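Following: one structure in structure tokens, then a few remarks.
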Amino acid sequence: MITLIFGFLRQAIIQGIPLIFGSTGEILTEKSGNLNLGIPGIMYMGGISGVIGAFFYEKYGDVSNVFLCVLIPFLASLAGSALMAFIYSFLTITLRANQNVTGLALTTFGVGVGNFFGGSLSSLFGGSGGTIALNVTGNYFKTTLPFADKLGLFGSTFLSFGFLAYLAIAIALTASLILNRTRIGLNLRAVGESPATADAAGINVTLYKYLATCIGGAIAGLGGLYFVMDYIGGAWTNNGFGDRGWLAIALVIFVIWKPKFSIPGAILFGGLYIIYIYIPEFTGMALARSSQELFNMLPYVVTIIVLCLTSMRKKREQQPPMSLGLSYFREER
Amino acid sequence: MKPAVPAIELRGITKTFGKVVANKNVDLTVNRGEILSVLGENGSGKTTLMNMISGIYYPDSGEILVDGKEVSIRSPKDAFDLKIGMIHQHFKLVDIFTATENIILGLKDEKGFDVKRASAEIKETCEKYGFEIDLNKKIYEMSVSEKQTVEIVKVLYRGADILILDEPTAVLTPQETQTLFSVLRTMRDYGNAIVIITHKLHEVLELSDRVAVLRKGEHVGSVVTAQADESSLTQMMVGKKISLDIERSEPKNPTDRLVVENLNCVNREGVKVIEDISFTARAGEILGIAGVSGSGQRELLEAIAGLQKLTDGKITYINPKTGTHDNLRNKTPLQIRNLGVRLSFVPEDRLGMGLVGNMDIIDNMMLRSYQKGHSLFLQRKAPRDLAERIISELDVVTPDANTPVRRLSGGNVQKVLVGREISSAPTVLMVAYPVRGLDINSSYTIYNLLNRQKDSGTAVIFVGEDLDVLIELCDKILILCGGKISGIVDGRTATKEEIGLAMTKYSGGERE
């Protein structure tokens, strides 16, 4: 039973990692007042950009160079998702387009681009077609800490992940630190709460919004990269990433816009996401397909409960940034 | 007298918003060691002009000189660098931040980011000018006057020596206003240049050294305050002589219209906000309600309109047509409205209750009559006529009736709101702060409208801030203090001192 519980915990963490990336990225974005509903698309884009980077490097580069094998997909992923976030920023900040519409459009776009290149990349470039398998790169991404398997249950549960998992936690903690303890964080929060105030205080609102959104997008995209490279192990399956992007956005609400809480929150969500697999093992009862879907609902149910609780308590610090979803124009009267 | 040292000189400043000319060819000088009042009616371009100095807007043409050098102020940051600080009418503060966090917002750290050290430095600034604030308090827990103090400390801490205040007293009690004025005088004596935008004439006369008057976006002249009086300033502002008297008619056979008995209600936190309130509002009379803001005025009016839940009490409405007595407590807001009870509450943000900013004036008229239509499609003829009538009768400054309300200046928004409520020929008209932020001319237009309502047999309930006006306008004045009635006085015989005392002290009992 102990092994089973630890096994479940390990799977929960694995499922949680993309959510940490996604929600941390979205929190940074939302703290600047931008509600980026394009995050699911951006995470697809982060995944496929990494795949494209790895595909070309494996095809033309030296696959024995571990460093480049990891760095190139990593940078490609960052660039791809930051570009998506930049498009979002340009539309909503500079052109002041509606944030919801822009975000949803980007999600549709990102999922489409991901599936298109995922399905056709190898045939487009003279391959035999079919699915892409980037086992070499995948294996590098999956490399765990060398001493992980020597530490028994602890090692296999908490240390047996590729470097992206630890990066996720580091990024979430750093984001938390920056938001709450630094000048940049104070300014960013002010921009999201009241851009007019921030502007009158001499903060460059546009710059903050652009940077927060683009950096947030790039971070979220790493969630997609983790999924294709570490979790799947270097392959693309159409729609394989599923609704994890939306889960990440729900997580932002669940952790009341605090990145440090998104670490345990993501593991909880990850656990709830796959608990239907473990229910038979825990209880010995088989689950019907229909009840599996009910279990898949759980993360959203707890998000709704959190929304109810925070709305009832009405504590101002736990509400979304005040200007979330609104564009800012200085000369607006 | 010392020779005047100019801090800011404006030369030929012009600014337009679309078709609306906000400022036209304005020349203005602000001197150091001087308090300058910028006076003008609503929409005369006072705020726009000051916003150009503080970097919110950029002038279409003209030049700005600071300390004799021509400058280009493209953003609020540029203004800070020139030591110009502006305190806006709607405070620019982040609600969930503490006072300290708001004050240091956007500054450059030379010695690293350290809230504690900043806090100590801010304390020094406070002591120098005699401010008392709790720097660790969150803005959303503060009163309006505390927020204003934070705003002032914010600009001072940034080293501003040119201070612009946009209608700083609009939301303050008389006592808070006096404190503010003494602070401003201290700052002037330190050699700062202070500009105060206002349209309260007695404040202009009391506080400022010089007055600059704007009319329809143009600078019509400046005078030394000592050589001016209320009527000369009004004449400059309006361009013609107007009478500053409210014609109070004797009530014509007043009859009871609304009888309120032992009203009690609690707010969301369970605190009693109104306690044992009883009064009678009579048709053909204006009942004034005086009190420091937040003494339960809002809850009282909302209770009558059916928007506030009562814990106890009875509100009897005597229907003038049928003579029946209805208890409003059992009725929905809609039923109460249909009886002819109208509430026109002007909240601090004027758009908050009653108007939709993105909709034009005509559509906003229709918000009140949406149940009337019986056709599938909207009939815009009647609301259009109404909108046109309000625009011409109340002199609303707007390009046309199809302009979104949000684009109008604050005072004009208010005229639209009050005008619409009055137009529905109510039997009980409740207005709260209907002239807040309005210039003198529009204020008197509103007072006269209320008097016309009274003469036509409406029971008018008027919540006001200006005691002079309450005394001049109202037949009876009910004074609230901490949610209780601390006195009911006759408007014809009451004195300002008497009311002012009752506002701050609960004396118990009623005086007729």
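Just so it is clear, the structure is predicted and the values come from calculations on it, not from any experiment. Only heavy atoms go into these numbers, but all of them, side chains included; no hydrogens, no water, no symmetry mates. So you know, we letter chains A, B, ... as the sequences are listed, proteins then strands, and number each from 1.
- Residues passing the ring-ring contact (aromatic ring centres under 6.0 Å, His included) test with A:Y273: none are found, sequence neighbours excluded.
- Looking only at distances, no side-chain donor or acceptor of A:S262 sits under 3.5 Å from a matching main-chain atom of A:G265.
- Listed by chain and number, the residues in a ring-ring contact (aromatic ring centres under 6.0 Å, His included) with A:F163 are A:F141 (sequence neighbours excluded).
- At least one donor-acceptor pair under 3.5 Å links the side chain of B:N102 to the backbone N or O of B:T98.
- The CG atom of A:L222 sits 6.5 Å away from the CG atom of A:L164 when rounded to the nearest 0.5 Å.
- Ring geometry for A:F21 against A:Y226 counts as tilted: the plane angle lies between 30° and 60°, on a 0 to 90° scale.
- Between the B:N23 side chain and the B:I13 main chain, no donor and acceptor come within less than 3.5 Å of each other.
- Of residues 172-192 of chain A, those residues lying under 4.5 Å from chain B by any heavy-atom pair are A:R181, A:T182, A:R183, A:L186, A:N187, A:R189, A:A190.
- Only the backbone of B:L93 has a heavy atom closer than 4.5 Å to any heavy atom of chain A.
- The interface of residues 202-220 of chain A with chain B, defined by heavy-atom distances below 4.5 Å, comprises A:G202, A:I203.
- Residues B:E146 and B:K137 are paired through a salt bridge, judged by an N-O separation under 4.0 Å between the basic side chain and the carboxylate.
- Using a 4.5 Å cut-off between heavy atoms, B:K138 touches chain A through its side chain atoms alone.
- The structure places OG of A:S194 at 12.5 Å from NE2 of B:H90, a figure rounded to the nearest 0.5 Å.
- Formation of a donor-acceptor pair under 3.5 Å by the B:D363 side chain with backbone atoms of B:M359 is not found in this model.
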